[in-house]
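What follows is a set of notes on a single structure, which appears directly below.
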Amino acid sequence: MLEVKNLKAYIDVDAGVVKAVDDVSFSIKAGETVGIVGESGSGKSVLALSLMQLNPKPPVFYPQGEILFEGQNLLTMKESELRKIRGNKISMIFQDPMSSLNPIFRIEKQLIEAIRTHQDLSRKDAERKAIELLTDVGIPDPERRMRDYPHQFSGGMRQRVMIAIALACRPKLLIADEPTTALDVTIQAQILELLASIQKKYGTAIIIITHDLGVVAKLADRVMVMYSGRIVEEGSTADIFYRTSMPYTWSLLRSMPNIGSAGNERLVPIQGQPPNLITPPKGCNFNPRCLFAGPECLEVDPVLAERGNGHLAACVLSQREFNERKRQLEAVEREGVRG
Amino acid sequence: MSNRLLEIRDLKMYFPIEEGMFKKTTNYVKAVNGLSLTVNKGETLAIVGESGCGKSTLARTIIGLQKPTSGEILFEGKNILEFNHQEMHQLRRDIQMVFQDPFTSLNPRMKVGDIIAAPLKAYKTTKNVKHRVLELMELVGLKPEYYNRLPHEFSGGQRQRIGIARAIALEPKLIICDEPVSALDVSIQAQVINLFKDLQKELNLTYLFISHDLSVVKHIADKVAVMYLGKIMEMSENETFFQEACHPYSNALLSAIPLPDPEKEKTRERIVLKGDLPSPANPPAGCVFHTRCPFAQDSCRENTPPLEKRGEEHFVSCYFPVEHKPAEKARSVVN
Amino acid sequence: MIKYTLRRLFSLIPVMFIVSIIVFMIVHLTPGNPATLILGEESTKESVAQLEKQLGLDKPLLVQFFYWLKNILMGDFGQSVYSSEPVLRIILNHIGPTFSLTIFALILILLIAIPTAIFVVWKRNSLLDPLFISVTLLGVSIPEFWFAILLVLGFAVTFPIFPVAGYAAFGDGVLNWIYHLFLPAFVLAAVEIGLVARMLRDGMLEAVNQDYIRTARAKGVKESIVLMKHVFSNALIPTTTVIATIVAGLMGGTVIIETIFTIPGIGQLLIDSIYRRDYPVIQGVILFIAAIYVLVNLFVDLLYTFLDPRIRYD
Amino acid sequence: SKDTTSKTAKTGGEESAGEPTNGGLLKVAYQSEPDTLDWSYTGASPTRDIGWHIFETLFALDKNFAIKPMVAKDYKVSKDGLTYTMNLREGVHFHDGSTVTAKDAAASIDRWRKVSSVGKITGAYMDTVKAVNDKTVEIKLKKDYKPFIASMAAPKSALIVIPAKIANEAGEQPLKPEQLIGTGPYKFEKWDKGQKIILSKFKDYSARTETDWGGLTGKKTAHFDKIEFQIVKDSQVMLNGLKTGLYDYAQNIPADLYDVVSSTPNIDPVTYINGYSTMTPDKSEAPFNDLKVRQALNYALDKQAIAEATYGNKKFYSLDGALFDPEQTELYSKEGTNGYLAYDKEKAKKLLKESSYDGRTLKIIYSNNNENYKKISQIVKQQMEEVGFKVELAPYEWATFLDKWKDPKNWDLEVVGWSTRFAPSELGMLSLGTESSGWYKSDRWQDLLDQWGKAETKEQKKDILTKMNQTVYEELPFYKIANETSLDIKSHKLQEYDNWLGQRFWNTWKSK
Amino acid sequence: MFKKKRNLLALGVLLLVTVATITASLWLVQSPTYIDSHQRLLGPSAKHWFGTDHFGRDIFSRVIVAARVSLFIGVVVAVISTIVGTVIGLLSGYYKKADFIVMRIIDGMLAFPALLLALALVAALGGNITNIIIALTFAFFPVVSRVVRSAVLQIRNIQYIEAAKTTGVSDPVILFQYILPNVLSPIIVQGTFIFAKAILAEAALSFLGVGVNPTTPTWGNMLQEAQVYITIAPWFSIFPGVAIVLTVLALNVLGDGLRDAFDPHAPAKRKKRTSMVSNGEQKIA
Ligand SMILES: Nc1ncnc2c1ncn2[C@@H]1O[C@H](COP(=O)(O)OP(=O)(O)OP(=O)(O)O)[C@@H](O)[C@H]1O
Ligand SMILES: Nc1ncnc2c1ncn2[C@@H]1O[C@H](COP(=O)(O)OP(=O)(O)OP(=O)(O)O)[C@@H](O)[C@H]1O
Ligand SMILES: [Mg+2]
Ligand SMILES: [Mg+2]
């Protein structure tokens with residue numbers, strides 16, 4: 001349904017050109033849930049906004065690539081054509097529910113705007129539809145609450161409204177950019193449930209963007225790991241979590257505090273800082289922080305390579321080499337702890 | 001007894017909601033509403049709870065940034081609320097704080113060295129301030145050449161280290177950490193959590209560690225207290241909590257955290273709470289949690305359950321605590 | 001809302017009290033005895049003293065102040081020492097032109113500033129924006145009176161499109177009113193047009209980058225609607241807060257503009273009264289202007305609550 | 001504050017006047033709003049120039065400053081010079097419709113004695129005023145006072161004829177708008193304070209018949225339905241307003257604009273003499289209590305240069321040392337004014353050295369509302385410094401200036417202009433012991449004033465005037481700078497316009 | 001901020017004017033006060049670059065010397081009103097008890113349009129430089145204290161202030177070493193704008209005849225004198241007018257540039273959750 005080919009999204013800033021999305025390709029099938037994870041600044045949001053062509057231009061520009069949605073290239077499409085797709089066939093939920101709703105319009109107005117932009121409905125019908133949508137996302141007493149302003153809603157409810165807006169036209173693709181980061185744990189759980197049930201109900205394809213591997217583990221069928229503007233690993237959720245093929249993904253998994261783990265044990269952080277996207281390091285972008293980096297890594301910029309069954313990874317190490325190194329390192333660490 | 005560093009008794013912190021030109025108080029935000037807890041020397045007490053439940057207010061009250069409405073705060077047995085200005089100033093040496101946001105908790109116009117030196121200068125504890133600052137920087141893992149840099153030249157993790165260095169400069173007895181890692185990226189969180197643990201070992205520190213992230217808490221805390229709408233719902237040793245938490249809210253919290261493990265995630269039995277956190281200005285009568293509690297009964301709506309002892313160092317405020325049958329233990333607790 | 005309005009009105013009392021103290025103090029610092037002035041060059045000491053007594057100028061200041069305040073509270077602003085008319089009547093006689101001028105200017109400001117700002121934001125990435133900024137900065141940098149003189153020279157003398165001076169009341173025909181007021185109102189508005197357009201532009205540019213605007217775009221809403229509906233209405237709110245400032249600027253400006261265009265408003269009345277040392281009128285006018293300004297502020301506050309649903313006072 | 005005098009300037013219109021047209025509105029740009037229109041109450045010219053359209057006096061000056069009857073028909077003086085009997089004209093109507101009677105005239109005279117500055121001086125000589133019959137008034141003086149009729153005719157704080165009822169009601173207060181009832185060709189209609197004063201034609205006006213008198217007497221015809229005096233302060237506005245037809249007449253334009261005015265086709269300049277500018281030293285204190293210092297200053301002043309820089313165009317000043325204007329044939333005398341143009345720098349320096357002047361800084365006060373005083377002060381400063389004075393300028397805005405003037409501590413020299421006066425006793429800069437004369441004390445001057453009161457013949461008067469001039473230039477109580485000529489502008493359409501002392505809008509009309 | 005040509009140009013103009021006036025006595029050939037009645041109202045020429053005025057004085061030297069007074073008034077008013085306003089704003093923003101009453105007084109003062117307040121005060125005190133400075137200061141400082149106060153109110157709750165408090169730093173130190181430097185940018189911006197406004201206000205007061213002693217050449221006085229001659233000697237009005245406009249414009253441009261430079265939101269408004277900002281790319285102003 002959606003196919004992204006060699007997409008580059010660069011940003012013109014005073015200091016130079018930020019390569020926020022750098023040669024990214026992937027595709028999504030109808031009804032699928034794909035997770036995109038990566039640390040902050042790795043280009044997730046810029047990528048997501050590229051799909052909707054919502055990045056501010058300037059400073060963002062697209063030196064290369066194609067975004068094929070149902071066969072049409074969104075990148076070259078006219079603005080008026082794009083508008084017919086936005087909010088209609090592809091919609092988006094943003095990270096911060098507090099600021100993503102217009103504070104001075106009633107919820108009703110914002111919902112109806114979403115409905116009537118693409119559907120030729122009378123006000124009455126649109127209103128009825130709005131109530132339906134709010135009921136769907138679990139807002140109690142929607143007729144009354146619709147007349148409220150966003151500030152009268154709690155964060156979780158606002159995020160539900162955002163979801164309702166996104167669902168207004170039954171999109172084929174729903175992009176959720178960190179839909180729960182601003183929310184409390186218990187509310188986050190509610191929203192995640194909601195997304196899962198919507199997926200089940202409507203069969204919408206979902207791209208869920210997050211830095212929280214737990215969220216991905218819960219929702220996604222497939223996961224893409226982003227690092228400094230690139231996809232460095234891609235595969236089924238199980239592939240990523242259990243058959244990790246890329247040192248970055250592995251380090252990320254290791255650094256997360258996990259209540260599932262034994263408890264009071266030491267965490268293993270990723271040393272160093274993320275690379276500068278204006279002048280990325282030579283060779284593999286991850287090499288300055290990689291525990292397995294060898295001389296080769298300073299030279300070779302690895303591309304995504306098949307690791308079996310649609311599992312792709314960008315690393316000079318083969319799967320076997322990687323597993324080997326991993327084992328060695330873990331042994332050394334255990335030694336270290338003991339000594 | 002002598003082991004008790006900090007004891008809080010029935011603390012209440014109400015913020016008046018003022019209206020109009022004569023600031024008539026129409027209501028109160030009951031941010032902390034009758035809270036009691038104890039922190040022992042050398043241990044880490046973690047306080048968890050959702051946003052707005054009063055965690056920061058508690059921290060700010062302990063450190064004296066706000067005067068509480070009522071209650072007692074005993075530090076080493078003395079009620080600090082009765083301290084005069086001078087005594088308060090002295091107390092500040094013993095209680096320090098690490099703040100949540102590494103970006104706003106450092107003065108952007110001061111050099112790193114000066115930020116860390118501020119408490120040293122305020123108390124004139126040492127002649128050779130610079131030497132001491134460099135010592136502290138080394139302790140928290142900052143290179144000495146950073147001395148003259150400004151905060152914006154650092155990453156969040158490094159900034160949080162600066163904040164920590166400042167907090168330990170006076171060798172305080174208690175450090176209050178208000179969500180010290182929640183603003184950090186996952187990969188960097190780990191560095192800071194490790195630093196906290198190392199420092200505790202090295203300097204025999206006591207932490208009051210506030211967080212909403214139970215996975216972090218699990219890694220750092222000796223004891224865990226769960227807070228809801230200004231009250232403690234449950235308090236126990238770390239191990240006990242993650243194994244046998246019996247307040248419905250604690251359980252909901254535990255089950256709400258997504259695990260970075262697809263299989264467990266998918267098989268896990270979750271308790272998704274309905275509704276939102278009620279407003280602290282109008283907390284529900286009876287048990288404050290009853291509006292969202294899956295097990296609430298009439299008695300919960302009418303009476304407030306007391307914080308009762310349930311086991312060794314385990315206290316719960318609930319009429320219908322969840323019973324853990326040994327067989328179920330494993331499942332209810334996530335792993 | 002009514003309760004809030006009343007409460008706000010109530011809260012004006014201390015402000016107006018301070019205002020009245022300031023007014024009284026300023027006026028009584030003024031050298032030049034009105035009695036001498038009234039009686040002229042050939043007055044005698046006795047007649048001056050007598051008139052002073054008559055005007056109450058011989059009492060201690062504090063007594064004069066409370067006496068004055070008491071009278072004002074009872075609606076008596078005193079009598080002009082110059083024309084012996086009640087101050088309030090004098091002020092009311094002069095308020096019309098000033099009111100017309102200010103309203104006209106305000107309308108001009110809005111009529112010009114709003115479309116300009118929207119247009120500039122629409123074309124925000126073109127050269128129009130820096131040009132616009134330069135023009136607005138130039139606008140606030142020209143002395144009002146000089147600008148007025150230049151405009152008169154251009155549009156009333158060289159090309160006699162408008163009259164060089166004078167005033168026609170609204171009642172004398174709307175066209176006539178506009179004809180007489182256009183130039184002065186334009187000069188008066190000129191400075192503020194730039195300010196308002198600039199504020200709006202800044203506000204809109206800030207709003208353009210807000211998350212909720214992105215949401216609107218993500219819905220597929222047309223860019224023009226996004227700008228006019230979402231961006232503009234949000235930028236309007238912070239801009240309303242400067243309306244009070246604008247009104248203050250306009251009222252300050254009327255002193256100069258009314259002088260130049262010989263418009264018989266309270267600005268000119270003030271200047272004349274200052275020259276005549278007509279204390280009661282000076283006090284009355286300043287107090288009156290301050291009161292209007294305070295009320296405008298109140299109105300703006302209320303407007304603000306009306307425009308911004310986030311603020312609700314009851 | 002300052003009144004204007006003088007004779008007509010030619011009006012630049014070339015086209016023939018043609019037949020007078022009646023009706024229409026005359027719009028006059030009027031520089032300063034009067035405090036009141038009560039022409040008795042104040043000597044201020046803004047009051048006078050409007051007031052004399054509304055009010056008339058018993059006697060008035062003609063265009064040659066000769067005394068002629070106006071409301072009065074004639075008068076007789078008894079042999080001892082103590083009883084004046086005057087008859088009034090028949091059928092003179094007040095604006096309220098009533099007819100002027102002797103009772104009205106008597107009441108008007110009584111009020112004039114109390115409120116007018118000239119009336120007060122004259123009043124000192126008067127005993128009783130009474131109406132003998134309907135049209136005859138009799139006045140008894142306490143002692144002989146020759147200038148009595150001249151005082152009654154003086155157009156300054158004038159003896160206006162008003163209904164007895166109003167005179168009694170008003171008493172010593174200025175007339176209120178509704179009390180502005182006179183016998184003039186125009187009547188008061190409306191006053192929008194700060195904006196305009198409107199007069200309208202008085203239909204029942206009973207004119208005299210003498211067409212050749214001019215001045216404030218003789219035949220007056222109101223051609224306009226209405227006259228609107230609009231208050232306009234700014235001379236650019238006036239000029240622009242005349243150019244664009246907004247006004248028909250404007251008052252008091254800076255002389256520098258004369259060339260522009262005369263070269264603009266649809267407007268004409270109107271010039272007329274308007275008193276003179278002076279500088280007065282404070283003689284109550286050092287250094288100007290020392291005659292030597294005053295003499296040094298007189299030598300230091302290059303009046304030619306001052307006048308040139310101040311007035312620019314030669315048309316607008318004349319260097320004349322006399323106390324009255326040349327047009328005032330009865331009062332004008334140039335004899336004894338040799339000291340007027342005594343400019344001699346070296347002498348000044350020498351005298352100053354010999355004098356008691358201790359080199360301290362002298363303060364010149366003036367009102368900055370008037371361009372001319374401003375300019376004079378600045379040039380005087382430069383000239384004084386050239387001979388060794390130290391000078392500091394202290395401009396004040398008019399009200400403050402009046403205040404500062406009162407106290408000798410505030411100033412050493414004061415610059416101001418004095419309008420044309422009609423008797424030596426009215427000369428403000430010489431009124432003894434007051435701030436306006438800089439506390440001038442002189443028995444010699446007092447003596448001359450007393451003689452003036454008794455003088456009868458022209459020759460006697462000329463003689464006294466010469467002595468007065470000599471006194472002034474020997475004692476140097478003040479320094480005359482130059483006679484001033486004022487510039488007004490009128491629309492080219494205004495026909496047969498004749499200016500005398502100030503603006504008068506009778507016997508003139510607007511062509512189509 | 002000097003990346004923009006506009007700002008650079010503005011700074012250049014200001015420097016030029018300042019240097020020219022300060023050094024005027026060294027190089028000015030014509031005396032600005034010398035009256036020459038034979039040289040009245042002459043147009044610009046090689047001898048008199050800007051022509052002469054109604055006294056035959058050299059307009060060029062008068063414009064230069066006038067700049068001294070105008071700039072002096074502007075600077076002093078800007079400095080004093082920012083200092084006074086800052087101190088009041090700091091104290092009332094920081095000490096809640098003082099706040100209420102102080103702000104009512106400030107409200108009262110703000111209830112007058114600045115120009116009217118200045119006008120009334122100057123009329124009351126008399127028009128000399130000191131009094132004009134006093135009057136304009138009174139007219140402008142309340143605005144500064146308002147701005148500073150609200151900045152303080154914002155900053156007071158930022159964590160590093162609380163952090164300083166909890167580490168035992170005393171109130172005065174917090175006020176002047178922590179808060180003040182962080183509210184400095186709005187203060188400087190305000191100061192620049194007040195500088196500009198003060199110059200305009202001085203001119204307006206002089207125009208209304210209540211300004212600086214008319215014998216002192218100031219731009220306002222010159223324009224006032226020139227008003228009558230605007231048609232017959234336009235240069236008399238144009239040169240001082242242009243001088244005002246240029247100077248004030250330069251100040252406004254500078255103030256505007258400073259505001260942009262200080263405003264962290266100005267270029268790209270981005271919120272960051274995160275730690276990931278390397279290379280000092282994100283600044284908190
Ligand atoms: N409008 C912009 N102007 C300048 N730089 C930008 C802009 N938008 C994004 N960037 C930069 O592009 C890079 C990628 O940003 P992006 O927002 O996509 O990261 P992200 O992975 O979504 O991070 P987060 O998890 O914090 O949302 C970052 O370095 C960011 O600073
Ligand atoms: N100074 C204050 N005035 C009024 N209300 C306050 C104040 N400080 C806190 N509150 C209110 O008290 C309640 C508790 O706030 P607090 O900051 O302690 O919560 P928290 O648990 O720390 O939340 P978070 O996780 O978001 O930091 C909130 O409703 C808050 O709005
Ligand atoms: Mg993002
Ligand atoms: Mg908190």
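It should be emphasised that the depicted structure is a prediction, and the values quoted were computed from it without experimental measurement. Here is the naming used below: chain letters follow the sequence lines, and residue numbers restart at 1 for every chain.
The part of Leu49(A) that comes within reach of chain C is its side chain, from C-beta onward, which places non-hydrogen atoms under 4.5 angstrom from that chain. At a 4.5 Å heavy-atom cutoff, Lys89(A) makes no contact with chain C through either its backbone or its side chain. Proximity to chain A involves both the backbone and the side chain of Asn234(C), based on heavy atoms less than 4.5 angstrom apart.
Between the CG atom in Leu54(A) and the CD1 atom in Ile213(C) there is a gap of 12.0 Å [rounded to 0.5 Å]. Between the CG atom in Leu101(A) and the CD atom in Gln210(C) there is a gap of 12.5 Å [rounded to 0.5 Å].
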What do the steps show when you test Ile104(A) against His230(C) for side chain to side chain contact (heavy atoms under 4.5 Å, CB included), and what is the final call? CA-CA 9 Å; Ile104(A) 61 169; His230(C) 293 264; over 6 Å; no
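In the displayed structure, Phe105(A) atom CZ is contacted under 6.0 Å by more than 12 heavy atoms of other residues, nucleotides or ligands. Residue Trp177(C) places its CH2 atom among more than 12 non-hydrogen atoms of other residues, nucleotides or ligands, all under 6.0 Å distant. More than 12 heavy atoms of other shown residues, nucleotides or ligands fall within 6.0 angstrom of atom CD1 in Ile13(C). Atom CZ of Phe99(C) sits in a sparse spot, with 12 or fewer heavy atoms from other residues, nucleotides or ligands closer than 6.0 Å. By the 6.0 Å contact criterion, CG on Asn125(C) is enclosed, its count of non-hydrogen atoms from other residues, nucleotides or ligands being greater than 12. More than 12 heavy atoms of other shown residues, nucleotides or ligands fall within 6.0 angstrom of atom OH in Tyr62(A).
Contact count versus chain C (heavy atoms, under 4.5 Å) is highest, among Pro56(A), Gly87(A), Ser80(A), Ser100(A), for Ser100(A). For the options Thr117(A), Asn102(A), Asn88(A), heavy-atom pairs under 4.5 Å to chain C are most numerous at Asn102(A).
Gln110(A) places none of its side-chain heavy atoms less than 4.5 Å from the side chain of Tyr212(C).
Just one of Arg217(C), Lys219(C), Lys222(C) meets the side chain to side chain contact (heavy atoms under 4.5 Å, CB included) condition when paired with Arg83(A); it is Lys222(C).
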